[in-house]
Structures are given as structure tokens and as C-alpha cells.
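These values consider heavy atoms only, across backbone and side chains, with no hydrogens, waters or symmetry-generated copies. Just so it is clear: chains get the letters A, B, ... in the order the sequence lines come, proteins before strands, and each one is counted from 1.
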Amino acid sequence: MTKLDDLLAYEVVEGLTEGQFTAEEYVISILKRIEEVEPKIHSFITLDTEGALSSAKLIDKKIREKEDIGQLAGVTVGIKDNISTKGIKTTCASKILENYVPTYDATVIRNLKENGAILLGKLNLDEFGMGSTTEYSRYHPTHNPWNLDYVPGGSSGGSGAAVAAGECTVALGSDTGGSIRCPSSFCSVVGLKPTYGRVSRSGLISYANSLEQIGPICRSVKDLVMMLNIISGKDAMDNTSMPSSPITVPNKSNKLNVAVIKELITDSDQEVAKSVYSTSEKFQEIGCSCEEVSIKNLHYALPSYYTLASAEASSNLARYDNIRYGFDYPIGEYKWDTYFSNVRENFGEEVKRRILIGSYVLSSGYYGKYYLKARRLRSLLRLELLTLFKKYDVLIGPTMPILPFKFGEKIDDPIKMYLVDVNTVIANLAGIPAISLPIGFSNGLPIGLQIMAAPFEEQKLIDASYELERVIDIQRRPNLI
Amino acid sequence: MSMVMIGLEIHAQITALNSKLFCSCRGNYRDLRPNRNICEICCGLPGSLPNINQKAIEYSTMTSIALGCKVPDKIMFYRKNYFYPDLPKNFQITQYNVDGISSIGIDGKYELDDSKQIRISRIQLEEDPGRIVYSEGGMNVRNTALIDYNRAGVALIEIVTEPDFTGPREVRQFLNKLSLTLEHLGVCDTLLEGSVRCDVNVSMNGGNKVEIKNINSFKEVEKAINYEITRQSSVYNRNLSIEHETRHWDDKKKITFKARSKEEEHDYRYFPEPDIPVIVLGSDFVANLKERMPELPNQRFERFKLKYKLSEHTSNILINDKKLADFFESTLKLHFSPTEIANILVTDFKSLIENDNESTDYLKNLKVKPEHIAELAKLIEGNKISRITAKDILVKIFESGKLPSEVVNSSNSYKIADEKTIMDAVQSVFDTEKSAVEDAKKNTEAINFLLGKVMKFTNGRADPKIARRLINSKLSDPEKQ
Amino acid sequence: MISKEDLEHLAQISRINLTEYELEKFPKQLDKTIEYIDILGELASDDSVNLDLQELRFEELRTDEIRMSNNKQLNKNITEDGFLRGPKMK
């Protein structure tokens, strides 16, 4: 029998329901796994052992009393530390929020709790989600479970690494420009950025509101479907959320029209390109058609993304003024001229850079040159993609243009760092859903395939991924012990 | 006389709302302990999102219609970015007119009494900041500002006029009329402390514009303008030029003073609020609202003249006091006698309440109800009491709340129409006022004196017409009985 | 080019103190970033493009009801009277 800590989410729910083990036994096995691997991985910022155990006991009690335990009963979930959890510190990996304890749960957290999920704790990220490696976390970097010298990707690096390392059954991440898909690709797990509006953002600490979504990171497509259905839905607390229909795990194979985005392959590392090509052949093997397409406006996507994301960030992060929450500031230094700037000196370097760029592109005189042009590109790109989706069910390409890299490799050159997001930002700009699916390794380093679909067509992503997952035979668990 | 140009920027809270503009906290923040009317949204806690109030859009649309503005099919919200301790997010969600989509109202016209038109540039819906209190003493608070967020997020309507006013008198007229309109629409109770604020810009002889901020009631606006005109004139007279500057109104010292120069340097970096999608009002929104919307003062004035055949003067007095006009119409429902009832209300009734109409709901607390006035009118018309008696009865009703008929019965105040009784009174006046009788024979004016004496003799109950006739006939024929 | 003065202005409107190290390093880094996004200038200013991706109908908006939050929202820096402390003007 599989070890308890190795179970997938749906297996956990089944096992509990059938009385194979108790929720407490399962949680203890996960906590033991964390104890073993966390010193190597460092995916957690806050671990809520007590909370997890008492939730588990509650579920066991409900099982004994034959009460409804919920669709995710017993499943342990790690939460990216930019999603608000009532009573549990939520730091955004920032010094400025090191003592901040939310007074309310994000809508997705409420959904999870209502369905019996067990919150394990809060996972590492780049400060406020700004970064692609977790090196910009103000606490510590997270290590890639497949090779500890390598970055796990970011910004949801803690989520990707924890799921891959078996420190939690599933995790929630957030994706502003690739922050779910990048670590999913680098850590060889499945991650989905939903259609903009499918999942409520209420409680997600904003980096760039118009681009980001909360999404699941899992070890199987089936788990991902369970998670997605539970966190989706129109929420009265988020005016940008929209209703959607539930996704199902396909019970027959679907013949899809697949298109490979040419530019994304030609601009990738050779090893990555090779792997994606062989996957596109697999699509044909399972009966899908596969063609090549080109995206005209791709060239402008990343500059547009950085303009919009920085602009929104510069405004979103203005609220961190230490008045309502934060650290205690010695009285006597509440001087108008210096207070705000002194307090906000505590932001990390990358956050400061993006705030400054954001202020720059919104300043009078530059607004039309950068911000408006970026929005225009965004609309054009969306239109272009929607046209492609009339002909193709899904568009594919590599999630990341490169393999995971070593710590420190890109940290001194912001542009080099930004460029790794070039494939993923497309979906955020266009508001469309995108998934990253593990397709192989090169020298022991994971490679992910990105699949994109039209708005609210997550079902097509699942159809495509579920089929592929079955035919791709790769190692599912890193050798950590 | 120099040429003066004045423009106004008025902020009126939508006091009619139950909840705030973007959250479900109370709209009425008054008389609550500091920071007890707050939630994660109006406090700008991380991850909270604005959740816009439908009714606020209706009220601001009604205001726009009343001020002759165009209301677009779609509206948008913008962020105005600046740091200030009373602003929880360090940006304000407001509206902005750019790129085709406008604020809730634009390009309006509003007519003053002398049919002069004031152009309304725009009407915006936005959120109120919190409140800052500077403590007088206390060691531990001496160096800090004290902040209360109870008011933060209350819905405000901003009304901006073109600089079309040529003097304080026009401004006063405009503000009076505006208050009345807001009251009729039920949008804003302008008498509530802090419910209206006004910024004024004043320029003379085509010179630089001076902005005066912080005028916290409509009453102070005229004073501030007068002060500023005098100040600017004296600068001109010394051959100095007026600086373009921002000044504040000190309502204790009744002067304007120069703001610190730093406050003027603003680059608000406006951009569309990403958390609120474009709101589609729909093409028949305005037409539908117009049908449901309360009657405006002008419409009511015309109706009073036409339907009730009241004079312009009487109509005006009623219209200018909405609560009195409402009282009038309630009374009419009980007894339809517009002229008589209007007469009672605008003369005796009004003078009795005059000293007390500062409080907002003064008519509610009165013991006199429409029932009383209806009955009083019936008694007058039925010739049961004289108008003079009516006034005394009204005083008694005000004190006791008893119905007029009860008062009349208990005080024996029915009108005396019996000629014999009145003749007795005339006789005794003639007996005591011999010299006046002699005067009256030569000078008809003196008859009024005798009539007065007769009325007094009968406690005002004699029918004055009969009394006058009897006096006249007795003067011409002293022997007549 | 972003001069040291430009950087100081941006830091001022963003209310961020920069360290000596950042003052040294940022101008070049920000320059490179701005140079990178300058490519957006190649795009035509086309007013016919609808910039808004999402719409919300009036009917979908929140109705005007009071729902007081029971949560204690602020736990920091509260005076006895319930005020928060903030920087004082002057």
C-alpha cells in the first residue's frame, strides 16, 4: 500500500470515507513528512500544527457521528502567504507585514474550510508575489525538491515545492504573471491559473488586481479539478468575480484541436523545446490534431505586463503605512514629512523597484506613453487570442522558456529575471485560463507544458491534461530522504 | 468695482444611505465611539475589495438629473493616489472624466432665481476619508494625529461648477437652492454636522485663481468669499499680484490662511480602479429613475400654484421649507382647503416654530399634527371662530396638543355672531372711550381703534365684520340701539 | 535616462526611503526597465480599441443594507479612546 503521506487528495477523501485511516493519522503522517523534509525545502513561513490536528480530530468526530464531512475532508492544504487567513499571520513574505494577523478569511479559505479541508499553514513566496524564484522572500528562499541547489520558481515557490515534496496534499497559489505555473513547472506539479473572475480574489493581498487569480497546485489533474470546483464561483465580496459551471474529470477521451505557439518554442532552451515537441506528438497519438500558430502581439506582452503590474502595485502597496497594522513605531517619530517614507523603507528591493516604476508610468506625462499603450496592447492580445480560440480548443507551449536555474543566477539583473515570465504573462493579460502540466525532465530538472484555453473553458484544459497525464510516464516524487 | 469669478466644488454626503459606498458598515457614523463602524474594506485591510452600493449610484444619478447633467450609459471608477493619514488605502476611489467614459454626471446647468445659469462641469461619486483629530494634550499623544475611520468610505457626491458666480450673493442663492434640491431628493440632510463641505475658487480681474479649502458648512461659504475678495482687493490696491495658491478657511478666526506649499504639489496618478468593472447602467436607467424620482422643488412650486391656486409668495415660503410643505400636503389630505391652510401655516404656524427650525426633524417633535390644522381651518371656514381667536387657539394647541375643538369648548372661544351681544360690547366701549368716539366721528382711521377695543372686550370672539358695521352705524346714529 | 533627481522625486511621491546602496544601483536598473518597456511606443494610439475587459450590470450591485462586522479590525496602536495614531502635520 502507498504510504499515507503519499496519497493524492481524492485518495485521502476515499480512504477516510471508507475508514482505512483517520484524519488524525493522516495529518500526523503529513506533519512527520514536513519534519523530515522541511529543513531542506523551507517552503513554510508559518506552520499551524495545532490547528491542523484539531481540525483533523473534528473530522474524525464527524465521521464517528455520521455527519457530513465535506468534499475535501482530511485533505491538507498549504496556503500561499498572501491569502488572508483569519487568526493566522499573513505576511506576504514581507517585513512590513511580519506581525499582521488578518481579521477575516479570504473567500477561498472559507470555501476550503466549509468543505472539510485542513489548513496546514502558510507557504513562502517572493515578497508580495513579485519575483520568480522566492529569492525575494524577506524570510528565506525555498529550495527545489528535485535539486536543492536550484530555485523552485515563483512567486508561489513555497506552494510548488511543498506539494512536490509531499509536505501537503495540495496547495493554493496566486498567479499574477505566472506565479502558479512557473513553480508548478519548476517543481513538476500541476498548477492552474483560472480565467480572470472565476475565483474570488477577496482576501488575496493584491499585487496587480486586474491580472491575478488564486489557483490550485496539485500532484494530479483529478485533485486539481476537485480544488478548482470548490474555490470557483461568483462572490458578493468581489465585484470582478463571475459565475461558472463546474468542471468534471473526463470519462472518455476528447479529440481536441491543438495549436503550438511557434514563438514560444523557438525562443526556448533546446531541452525545453525538444520536450514540448515530443509532447505535441503525444497529442497526435491520442487522436488530437496539432498545428503551429503564431501570435503577432507576443513581442509586446511582457513590457505591457510589467507596465500594468507595476502601476497597479504602486497603488495597491500604498496602504502599507503602518498605521492600522505593522510593527510598533516609537512615538515621537510620527512626523508628517518622514513617517510614511521611513516606515516604507522596510519594503524589499524588488518591491521598491516595482513601486518606483509603477509611479513612473502613472505620472502625468507618462501615462499615455506607457500605461495606456499597455492597456491597448492587452486588448489587442486578447482579441487576437479569442480569434485563435475560434479555430483551436487549446494553445500549447512551454510554461517556462528555460529549465530551473541555480540560486543567485539572475538576481542581480531585474530584466533577466523578468524575461523568464514571457510565456506565462500572456494568459494574465488576456484573462484566459492556463495550466502547467509536468511533461518530463532534463538532467533531473523538471519541464512543464503550458496549455491555454478561451475564457471559462477550463474544461478543455482539464480534458487535454487528463489525457496527457495518463500517457506521460515520469517520476512523480523527488528523492528527498 | 472689480470683476470676480467664483467656482465651487461641493462635497455632499449621501446621508440617505444605510450603508457605506463600498462596504456594509453604517452610513450614519455619527455619535459612535472611534473606530467602531469599520470593517476590513473601509479600513483598507490587505486583500479587501470594494463592493459598490447600488443605491449610491441611484442617488447620485438623481442628483445629476436634478442639476441638468447628462448621465452616461456606463460609468467607471478611478483611483486618486496620495498619502494622507485619514485615507486608509492611501488612495481614494473616485471618478474621473477621461477616455470617453465619464463620471455619473457631466455638462449640467442649474438656474438661479433671476434665471441666471450656473454651469455644472461634473458630478462624481466617491468615498469620504476618515477623520483626524488633533489632541490638545496628553504626553503620549502629543506628537501624533488621532485617527477615526468611522467616516471612511461614506458615499460622497462631488459637484463641481464652472467659475460662473460673480459674487457671494449668487453663491448663497445657489447653495440654498442646492440644499433644497438635495433635501427634496432625500439625498442629503445638509443640516447634519459635516454632511456638506465646500471648496471655493476665487479670482479677480482675470488674475490667478485662489482655492479655499475646508469650508465645513454652506453658511460659512459666503463669509469665506467675502474675506477673500477683501483680501485680494487689498493685494491689488498695493499693486501686488495674486498668487495661484491654496488657502484654508479658519472658521474660528473667520479668515483664510495660506496652505503649506507641499500640499499643492500633487500628482495624483489617476488610473481606472481595477477592482470595479465598468458599470453598465443601461439606456433606460435614467428614464426609469426619472419616473420614480421624488418631485423637485421647481416642479412642486408649479404644482402648488396650479393645483392649489396659491400665490407665488405663499408657494415660495412653503417650497423653501420642505418639511412645512410636506406638512401642508398632509393637512390637505384631511381637509382640502389649500388657501386657508396655507395661510395658517405660513403666518401664525411658521412664526411659532421659527425659533426652533434648526433641528432637522422639528416637525416630528411638535404636538401639533396635520389633524389639528385641518380642524382649525374647518372652524374658521365654518365661521365658528375668528382668525384672531384662531391664533390664540394655535398657541394653546402648540402647548397642549389638544384638538382645536377641545380648546374652543373649554375656553369658550366660539365666535360671537349674535348682534345683540356684540352691540352690548360696542356700547360699553363707547361708554369708556368717549374721546376716541369723538375722534372717530371725524377721522375714519380711528374706527379701527374702537374695533380693536371691541375685539379685546370680547376676547377676540366677536365677528369683526358685524362689530365694524355696528360701530359705524352707532357713530352715525348714536341713539340707535 | 533617470537621473538621481528623478529617482528622488519618484521615491518622494511613492513615500519610500532608499538606502545608499539602492540610490546607487537603482538608476541604472530602472533605466534598463524603462528602456525595455519603451517598445510600447511602437504601438499605434488606436482609440477604436475597447480597453475594458469586464462589465458589471447595475442590477448585480450590492443592495444598501447594513451588516456590521463583528471582527475586531484594528489591534495596533489604539489609544484609550479608541483612536489610531498617525503622523501629525507640521
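- A:P102 places none of its side-chain heavy atoms less than 4.5 Å from the side chain of B:L45.
- Side-chain N or O atoms of A:D238 include none that pairs as donor or acceptor with a backbone N or O of B:L49 at under 3.5 Å.
- Contact annotation for B:P85: both backbone and side-chain heavy atoms come within less than 4.5 Å of a heavy atom of chain A.
- The backbone N or O of A:N209 sits nowhere less than 3.5 Å from a side-chain atom of B:D275 that would complete a donor-acceptor pair.
- With chain B as partner, the option from A:S84, A:A236, A:A106 having the largest number of non-hydrogen pairs under 4.5 angstrom is A:A236.
- The side-chain heavy atoms of B:P277 and A:M242, taken from C-beta on, include no pair separated by under 4.5 Å.
- Not a single donor-acceptor pair under 3.5 Å links the side chain of A:R324 to the backbone N or O of B:G44.
- To the nearest 0.5 Å, the span separating CZ on B:F77 from CG on A:N239 amounts to 10.0 Å.
- For the residue pair A:N316 and B:R79, a side-chain donor N or O sits within less than 3.5 Å of a side-chain acceptor on the partner.
- Interface with chain A: from residues 88-96 of chain B, residues B:P88, B:K89, B:N90, B:F91 qualify, criterion being any non-hydrogen pair under 4.5 Å.
- Of the residues considered (A:S210, A:A208, A:S363, A:S206), A:S363 shows the highest number of contacts with chain B, using heavy-atom pairs under 4.5 Å.
- Nearest heavy-atom pair across B:P46 and A:L97 is CG-CD2, 4.4 Å.
- Here B:K209 pairs with nothing under the side-chain hydrogen bond (donor to acceptor under 3.5 Å, both in side chains) rule; sequence neighbours left out.
- Side-chain contact check for A:S341 versus B:F83: every heavy-atom pair is 4.5 Å or farther apart.
- Residue with the most contacts toward chain B among A:M237, A:R375, A:R201: A:R201 (heavy-atom pairs, distance under 4.5 Å).
- In terms of heavy-atom pairs under 4.5 Å with chain B, the best-connected choice from A:S314, A:G203, A:G358 is A:G203.
- Proximity to chain B is absent for every atom of A:Y366, based on heavy atoms less than 4.5 angstrom apart.
- For a residue to count as touching a neighbouring chain, one of its non-hydrogen atoms must lie under 4.5 Å from one of that chain's; by this rule A:S359 touches chain B with backbone and side chain alike.
- Ranking A:N82, A:L204, A:V361 against chain B, the residue ahead of the rest is A:L204, based on heavy-atom pairs under 4.5 Å.
- No part of B:I279 comes within reach of chain A, as not one of its non-hydrogen atoms sits under 4.5 angstrom from that chain.
- Note on B:N51, B:I52, B:N35, B:I41: by heavy-atom pairs under 4.5 Å with chain A, the leading option is B:N51.
- Within 6.0 Å of NZ in A:K95 there are 12 or fewer heavy atoms belonging to other residues, nucleotides or ligands.
- Pairing each heavy atom of B:D267 with each of A:S364, the nearest pair is OD2-N, 3.2 Å.
- Closest approach of B:Y270 to A:Y367, counting heavy atoms only: O-CE1, 3.3 Å.
- Neither the backbone nor the side chain of A:Y207 comes within less than 4.5 Å of any heavy atom in chain B.
- Closest approach of A:S315 and B:F271 over heavy atoms only: CB-CE2, 3.5 Å.
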